[in-house]
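Single-structure report; data block below.
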Amino acid sequence: MHPRSTILAAIAALCLLAPAAVATTATATSGAVTATLSYDHAPDSAEWHNLLLTITRNGQQAFSGDPRFAGCKGRYCALAGSGQRDAVSVQDLDGDGEPEVNVDLYTGGAHCCFVSRFYRWTGTGYVPADRNFGDPGYRIDDLDGNGVKELVTADYRFGYAFTAFAFSLLPVRVYDLRAGRWELVTQHFPALIRKDAAAAWRSFRKAGKLGEPRGAIAAWAADRYLLGKKTSTRRTLNRLARQGRLHGEFPKSQRKFVHTLLTFLAKRGY
């Protein structure tokens with residue numbers, strides 16, 4: 001047999017052994033709005049093909065298109081979701097009586113990224129609002145019971161900022177999505193921030209024994225800043241530095257680390 005024919009035959013055999021892409025459809029409905037997400041995905045494959053989102057409203061098609069967007073557009077942009085919800089869901093997020101459609105995607109990579117596209121009805125069509133939730137993703141909850149759903153996540157900018165990712169803590173972060181506009185509302189929920197700060201402090205005390213205290217203390221400081229306790233937080237950080245409890249690699253100086261952390265918090269709106 002000719003060598004080229006042998007190669008082609010081997011490729012054909014491998015194609016027969018490879019799992020075929022499976023056409024799949026997921027559907028979610030709330031009230032008069034139904035969202036159907038179809039795609040082709042082979043078992044054990046990292047590739048996703050032919051993603052198509054169709055939204056019908058009052059029985060009429062109102063949108064049809066690929067839900068992937070900048071940063072997550074190729075064949076390796078995967079469907080995400082979580083135990084709380086599927087990759088496509090329909091629910092009223094802003095309490096106006098009109099449900100939104102959201103699609104959760106995953107860019108791939110060691111620690112990144114969960115991205116989501118939320119579609120809002122404008123009266124004449126659907127327009128998207130996008131957000132990158134980074135490594136932590138998000139959950140949906142009505143934290144204050146007022147009918148407006150919050151998107152509870154964490155500040156992924158703290159990953160790797162002061163230590164290895166495995167030792168980084170990400171302080172809580174909360175958003176509202178109203179009329180297609182994102183609003184950062186973390187400070188509206190001080191009880192949630194206090195709970196997060198307490199958990200970060202416990203992690204700091206444990207991490208100190210393992211030699212990786214900076215990730216935890218950074219998250220604790222961020223929470224405390226959101227609670228308006230900047231002065232006492234700075235005093236505590238300086239005291240811990242004097243006691244030698246904020247050791248780390250970069251920078252070696254613990255006093256310089258405190259300065260670096262405070263500058264980081266200021267630049268990021270804390």
Side-chain angles (χ1 to χ4, degrees), residues 71 82 106-115 131-139 141 143-144 150-176 182-270:
S82 69
Y106 183 65
T107 64
H111 294 296
C112 215
C113 286
F114 290 98
V115 297
R131 178 147 296 274
N132 184 341
F133 291 98
D135 183 73
Y138 71 100
R139 64 182 173 88
D141 199 353
L143 295 174
D144 49 12
E150 280 73 43
L151 289 84
V152 184
T153 181
D155 194 339
Y156 64 84
R157 298 173 297 179
F158 282 71
Y160 293 114
F162 304 104
T163 185
F165 188 88
F167 300 105
S168 297
L169 263 65
L170 314 180
V172 66
R173 201 164 176 84
V174 184
Y175 291 95
D176 277 350
W182 293 98
E183 183 180 356
L184 184 62
V185 296
T186 316
Q187 288 178 283
H188 296 183
F189 304 97
L192 183 65
I193 301 171
R194 285 193 292 270
K195 181 179 179 181
D196 197 64
W201 183 258
R202 289 194 298 270
S203 295
F204 163 70
R205 295 183 65 181
K206 293 178 181 177
K209 300 174 183 177
L210 302 175
E212 292 287 350
R214 290 184 174 179
I217 204 64
W220 172 83
D223 287 334
R224 294 270 298 181
Y225 263 44
L226 289 181
L227 293 170
K229 300 182 178 181
K230 294 185 178 182
T231 301
S232 59
T233 300
R234 288 193 292 267
R235 283 201 299 262
T236 299
L237 291 172
N238 287 324
R239 174 175 56 81
L240 293 171
R242 289 194 302 270
Q243 294 172 347
R245 297 174 63 186
L246 299 179
H247 42 81
E249 290 298 321
F250 304 104
K252 280 286 187 181
S253 166
Q254 297 187 35
R255 292 177 64 87
K256 189 172 181 179
F257 162 71
V258 171
H259 174 75
T260 300
L261 171 57
L262 297 180
T263 301
F264 179 91
L265 294 176
K267 287 183 177 180
R268 283 153 184 81
Y270 283 88

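- Between Ile193 and Asp223, the shortest heavy-atom distance links the atoms CG2-O, 3.4 Å.
- Using a 4.5 Å heavy-atom cutoff, the side chains of Lys267 and Arg157 are not in contact.
- No side-chain heavy atom of Arg173 sits less than 4.5 Å from a side-chain heavy atom of Tyr156.
- More than 12 heavy atoms of other residues, nucleotides or ligands shown are found within 6.0 angstrom of CZ on Phe165.
- Within the 4.5 Å cutoff, the side chain of Arg214 has heavy atoms near those of the Gln254 side chain.
- Taking the six-membered ring where the residue is Trp, Trp182 and Tyr175 present perpendicular rings, their angle passing 60° and hence far from 30°.
- In this structure, Arg235 CZ and Leu237 CG are separated by 11.5 Å, a value rounded to the nearest 0.5 Å.
- Separation of atoms CZ (Phe204) and NZ (Lys206) is listed at 14.0 Å; rounding is to 0.5 Å.
- Pro213 is not listed as a side-chain neighbour of Arg245, based on a closest heavy-atom distance of 4.5 Å or more.
- Nearest heavy atom pair, residue Ala222 against residue Phe158, reads CB-CZ, 3.7 Å.
- The two residues Gly71 and Thr107 have their closest heavy-atom pair at O-CG2, 3.4 Å.
- Asp144 pairs by the side chain to side chain contact (heavy atoms under 4.5 Å, CB included) definition with Asp142, Asn146, Glu150, Phe189, not counting sequence neighbours.
- For the pair Trp220 and Ile217, the minimum side-chain heavy-atom distance is below 4.5 Å.
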side-chain contact (heavy atoms from CB on, under 4.5 Å) between Leu227 and Arg194: does it pass, once the steps are laid out? CA-CA 8 Å; Leu227 293 170; Arg194 285 193 292 270; 3.7 Å; yes

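- Among the candidates Thr263, Asn238, Leu240, the single residue satisfying the side-chain contact (heavy atoms from CB on, under 4.5 Å) test with Val258 is Asn238.
- Gln187 approaches Pro190 most closely through the heavy-atom pair O-CD, 3.8 Å.
- Under the salt bridge (Lys or Arg N to Asp or Glu O under 4.0 Å) criterion, Arg239 pairs with no residue, sequence neighbours left out.
- The shortest non-hydrogen separation linking Asp196 to Pro171 is OD2-CA, 3.5 Å.
- Counting heavy atoms from C-beta outward, Phe114 and Thr153 have side chains that stay 4.5 Å or more apart.
- Contact annotation: the side chain of Leu262 approaches that of Tyr225 to within less than 4.5 Å [non-hydrogen atoms, C-beta and beyond].
- Within the model, atoms CG of Asp155 and OG1 of Thr186 stand 8.5 Å from one another, a figure rounded to the nearest 0.5 Å.
- When all heavy atoms are compared, the tightest approach of Ser168 to Tyr160 is OG-N, 3.1 Å.
- The OG1 atom of Thr236 lies 6.0 Å from the CZ atom of Arg224; values are rounded to the nearest 0.5 Å.
- Aromatic ring centres of Phe257 and Phe162: separated by under 6.0 Å.
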